[in-house]
Amino acid sequence: MTSSGTDMDCERCQCHSEDKRTAILYSLLSQKLSHSPAHQGCLCQQRRTVCLRTPHLTCQAASNVLVKTVSFMRNLPSFHLLPREDQLLLLDGCWVPLFLLGLVQEMVTFEVMETPAPSMLKKILLDGQSQRQEPERALPTLAAVQQLQRCLSTFWNLDLSPKEYAYLKGAILFNPSIPGLRAALYIESLQQEAQRALQEVVQPLHPKDQGRFAHILLISSTLKSIPPALVTDLFFRPVIGEADMVELLGEMLYELSGRQPGPAAC
């Protein structure tokens with residue numbers, strides 16, 4: 001997986017440069033900002049936030065993968081027969097690992113760069129406004145994105161076959177441990193069925209790798225550790241703005257499909 005494409009090394013710390021220290025404007029701004037805990041200490045030591053280096057291309061590729069991910073759920077008869085409430089719970093709980101698995105399968109790579117920091121003048125001028133507005137949304141950090149890229153790279157190295165991808169997606173989707181499921185026992189049986197099918201595919205493809213099946217399941221569990229907020233902010237926030245991602249997914253699952261939702265629970 002492509003590594004982060006940003007130069008994160010500081011040539012010199014800008015927090016204590018000689019010209020800024022003696023500037024009247026800098027002194028005034030520093031006095032104002034020094035009262036905020038978020039601005040105490042050297043700015044170079046704060047966790048850097050990042051954004052996509054080529055958002056247009058990457059967001060388009062991510063959107064294509066997301067459409068395929070939702071289509072995979074929608075086209076499974078066993079998923080469509082579940083109560084509508086269970087469908088939405090599975091969608092909410094499983095779309096991130098399924099989407100990430102789709103990124104690997106579609107060989108989508110991406111690079112990030114450091115988010116331009118607002119100037120101190122902008123901070124002081126907007127300080128009064130920000131106190132009256134909602135707090136700013138947290139941006140993806142370099143550390144979080146690097147963890148995501150390591151996770152994707154590990155999966156890429158498995159070199160899964162199309163059938164392995166298909167059955168693994170089923171095993172991830174039908175997760176009976178999601179709280180609130182009405183048909184949890186049935187969903188558990190679907191997961192076990194998908195895992196058995198995956199194992200039956202793995203063994204003849206890799207007869208000498210007896211631990212491959214368990215390794216695939218183990219690595220797939222790391223996808224669940226990636227926060228939905230990170231995936232949304234990195235790949236989709238530049239497109240959807242402040243819209244609710246789960247609501248958009250629900251629209252994709254039902255309204256855009258032309259099919260009726262599954263049976264409602266009694």
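No hydrogens, no waters, no symmetry mates; every other heavy atom, side chains included, goes into these values.
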How far apart are the closest heavy atoms of [X] and [Y], and which atoms are they?
X: Pro83; Y: Ala183; value: CD-CB, 4.4 Å
X: Val108; Y: Ala61; value: CG1-CB, 4.1 Å
X: Asp86; Y: Gly180; value: OD1-O, 4.2 Å

Below 4.5 Å, heavy atoms only, C-beta onward: do [X] and [Y] meet side chain to side chain?
X: Leu81; Y: Gln87; answer: no
X: Lys224; Y: Val96; answer: no
X: Ile178; Y: Cys94; answer: yes
X: Phe174; Y: Leu181; answer: no
X: Gln199; Y: Val202; answer: no
X: Val50; Y: Thr141; answer: no
X: Leu253; Y: Phe79; answer: yes
X: Ile240; Y: Met245; answer: yes

With a 3.5 Å distance limit and no angle check, can you tell me whether [X] reaches the backbone of [Y] through a side-chain donor-acceptor pair?
X: Gln191; Y: Ala171; value: yes
X: Glu164; Y: Leu198; value: no
X: Asp92; Y: Leu88; value: no
X: Asp233; Y: Pro140; value: no
X: Thr232; Y: Ala229; value: no

- Go through Phe236 and Leu66 one step at a time and tell me if the side chain to side chain contact (heavy atoms under 4.5 Å, CB included) criterion holds. CA-CA 10 Å; Phe236 302 108; Leu66 186 65; 3.8 Å; yes
For [X] and [Y], which I'm curious about, is there any donor-acceptor pair between the side chains at under 3.5 Å?
X: Arg150; Y: Ser153; value: no
X: Gln105; Y: Lys68; value: no
X: Tyr167; Y: Glu200; value: no

Single-linkage hydrophobic cluster [X]~[Y], side-chain heavy atoms < 4.5 angstrom:
X: Leu100; Y: Leu218; answer: no
X: Leu249; Y: Val67; answer: yes
X: Met107; Y: Leu158; answer: yes
X: Val145; Y: Leu57; answer: no
X: Val246; Y: Met252; answer: no

Roughly how far, to the nearest 0.5 Å, is the [atom2] atom of [Y] from the [atom1] atom of [X]?
X: Gln147; Y: Thr222; atom1: CD; atom2: OG1; result: 9.0 Å
X: Ile172; Y: Gln195; atom1: CD1; atom2: CD; result: 10.0 Å
X: Leu190; Y: Leu173; atom1: CG; atom2: CG; result: 9.0 Å
X: Cys59; Y: Asn64; atom1: SG; atom2: CG; result: 11.0 Å
X: Glu193; Y: Ser78; atom1: CD; atom2: OG; result: 7.5 Å
X: Thr69; Y: Lys169; atom1: OG1; atom2: NZ; result: 6.0 Å

- When the ring centroid of Phe72 is compared with that of Tyr165, is the distance short of 6.0 Å?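 Centroid distance Phe72-Tyr165: not below 6.0 Å, so no.
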- Message: Run Ile226 and Leu230 through side chain to side chain contact (heavy atoms under 4.5 Å, CB included) and show every step you take.
- Response: CA-CA 7 Å; Ile226 304 300; Leu230 171 63; 4.1 Å; yes
- Message: Run Phe110 and Phe235 through ring pair (Phe, Tyr, Trp, His ring centres under 6.0 Å) and show every step you take.
- Response: CA-CA 10 Å; Phe110 61 94; Phe235 296 109; 5.2 Å; yes
- Step by step, work out the side chain to side chain contact (heavy atoms under 4.5 Å, CB included) result for Leu160 and Arg212. CA-CA 10 Å; Leu160 299 179; Arg212 180 176 175 85; 3.4 Å; yes
- Query: Yes or no on side chain to side chain contact (heavy atoms under 4.5 Å, CB included) for Leu103 and Thr109, after CA distance, side-chain angles and deciding distance?
  - Reply: CA-CA 8 Å; Leu103 289 183; Thr109 62; over 6 Å; no
